[in-house]
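Here the structure comes first, spelled out in structure tokens, and everything after it is commentary.
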Amino acid sequence: MTTHAPQAAQAVTLPTTLDEAVAALAAMPTAVPVAGGTDLMAAVNSGQLRPAALVGLGRISEIRGWQYQDGHALLGAGLTHARMGRPDFAALIPALAAAARAAGPPHIRNAGTLGGNIASAAPTGDALPVLAALEATLIIAGPGGARREIPVSHLLAGVEMLRGGELIGYVRVPLLHAPQVFLKATGRTGPGRALASVALVLDPARRGVRCAVGAIAPMPLRPLEAEQWVAQLIDWDNDRALVPEALHAFGEYVAAACIPDPAPEPDGSVTPLPPAVLHLRRTVAALARRALGRALS
């Protein structure tokens, strides 16, 4: 992970259960939890972080798999991207599997975890727009065996934060048994790093469309009005048919909602968006249009 000794950690604890990890964090308030370390070690190597202690999560087997629970999948926070990218997981949650397969080169996918992607909350985290579109819920483990649940969107938006001694234990995702799509556009700044991404899921039971746009803002954006508008145009009783014009309009609607035009000046004039921002908006429109087209095909 590193080519030099970072002189970062004075103590390393390796618990084997989630509650042991929580207890270790409660006993050492300055300790930092680490699973795959893909973000943590980058910060350590660059000198941005010097943790006084580490609590390693790699030996906690209970958070490295998943189980079924009342129409949901209960995903352990220790699931790696590589594991989520496999066919058996893809049959369960296709969009999350697609995001996992797109999460950088093999060494990143083999080490990086679902919980780490959420906790680091990097705007370019590929799993984040998928979890937002799926309206996933986090199960947080706290001291004394306590458990509480919060929507993943609340944590990403800073509405609710992890408290001292708490860890993300599991992610509960509804099993929709319907098409899901994840697409992203990448640049040349790094392997697999998204310039923009779109996750789109259909919810036939509620006759709904859920869409989240990632990488263009500090947290995934949900264009709720665009979702509601296009859901009313889909013929849910006839192979989910949608006219091509509506498909194109949906992409433009999503892009304009996520990257709006500047507010008018006092004299009524409007400053045009810079070319780079216009290009990003076109990219988002294309991703949203393609995602919905694939989901409906």
Side-chain angles (χ1 to χ4, degrees), residues 1-2 6 8-46 48-67 73-86 89 93 96-97 99-128 130-131 136-143 147 150 152 155-156 161-173 192-193:
M1 298 294 293
T2 178
Q10 300 298 320
V12 178
T13 303
L14 300 174
T16 58
T17 70
L18 191 56
D19 286 332
E20 286 179 4
V22 168
L25 287 173
M28 298 182 292
T30 58
V32 176
V34 56
T38 54
D39 290 323
L40 176 68
M41 291 310 300
V44 169
N45 290 339
S46 66
Q48 298 176 357
L49 182 65
R50 287 289 183 265
L54 296 176
V55 176
L57 309 179
R59 296 185 179 180
I60 305 177
S61 59
E62 64 189 282
I63 62 171
R64 298 179 69 179
W66 71 83
Q67 56 186 293
L74 193 63
L75 312 178
L79 275 169
T80 64
H81 299 303
R83 184 66 190 88
M84 291 187 292
R86 295 180 187 174
F89 190 92
I93 312 174
L96 192 54
R101 290 192 294 266
H107 68 278
I108 295 294
R109 299 197 303 272
N110 288 333
T113 64
L114 177 62
N117 212 216
I118 299 168
S120 62
T124 54
D126 292 319
L128 303 186
V130 179
L131 296 176
T137 301
L138 303 178
I139 298 178
I140 309 298
R147 300 289 188 269
I150 62 173
V152 67
L155 183 69
L156 297 177
M161 305 295 290
L162 291 180
R163 302 164 188 166
E166 287 189 330
L167 280 172
I168 300 171
Y170 302 92
V171 182
R172 183 170 19 237
V173 176
R193 190 174 298 276

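Taking each heavy atom of Ala100 and Met84 in turn, the nearest pair found is CB-CB, 3.8 Å. Taking every heavy atom of both residues into account, Thr38 and Ala111 meet most closely at CG2-CB, 3.9 Å. Contact detail for Ala121 and Leu156: the closest heavy-atom pair is CB-CD2, 4.1 Å. Shown here for Arg101 and Gly85, the closest heavy-atom pair between the two residues is NH1-O, 3.1 Å. Residues Ile93 and Ala73 approach most closely at CD1-CB, 4.2 Å, considering heavy atoms. Of all heavy-atom pairs spanning Tyr170 and Gly76, the tightest one is CD2-CA, 3.8 Å.
Separating the CG atom in Leu18 from the CD atom in Glu62 is a distance of 5.0 Å, to the nearest 0.5 Å. Here OG1 of Thr137 is found 12.0 Å from CG of Leu155. Values are rounded to the nearest 0.5 Å. Residue Asp126 holds its CG atom at 11.0 Å from CG of Leu131, rounded to the nearest 0.5 Å. Between Leu57 atom CG and Thr16 atom OG1 the span is 12.0 Å, to the nearest 0.5 Å. Taken to the nearest 0.5 Å, the CG atom of Leu79 stands 6.5 Å off from the CG atom of Leu114. The distance from the CD1 atom of Ile168 to the CG atom of Leu75 is 12.5 Å, given to the nearest 0.5 Å.
The side-chain hydrogen bond (donor to acceptor under 3.5 Å, both in side chains) pairs that include a residue from residues 77-86 are Arg83-Asp88, where partners are two or more places apart or lie in different chains.
The environment of CZ in Arg59 is sparse: at most 12 heavy-atom neighbours from other residues, nucleotides or ligands sit within 6.0 Å.
A 4.5 Å side-chain heavy-atom check between Ile139 and Leu74 finds at least one atom pair inside the cut-off. A 4.5 Å side-chain heavy-atom check between Ile118 and Val152 finds at least one atom pair inside the cut-off.
Between the side chain of Arg64 and the backbone N or O of Gly58 there is at least one donor-acceptor pair closer than 3.5 Å.
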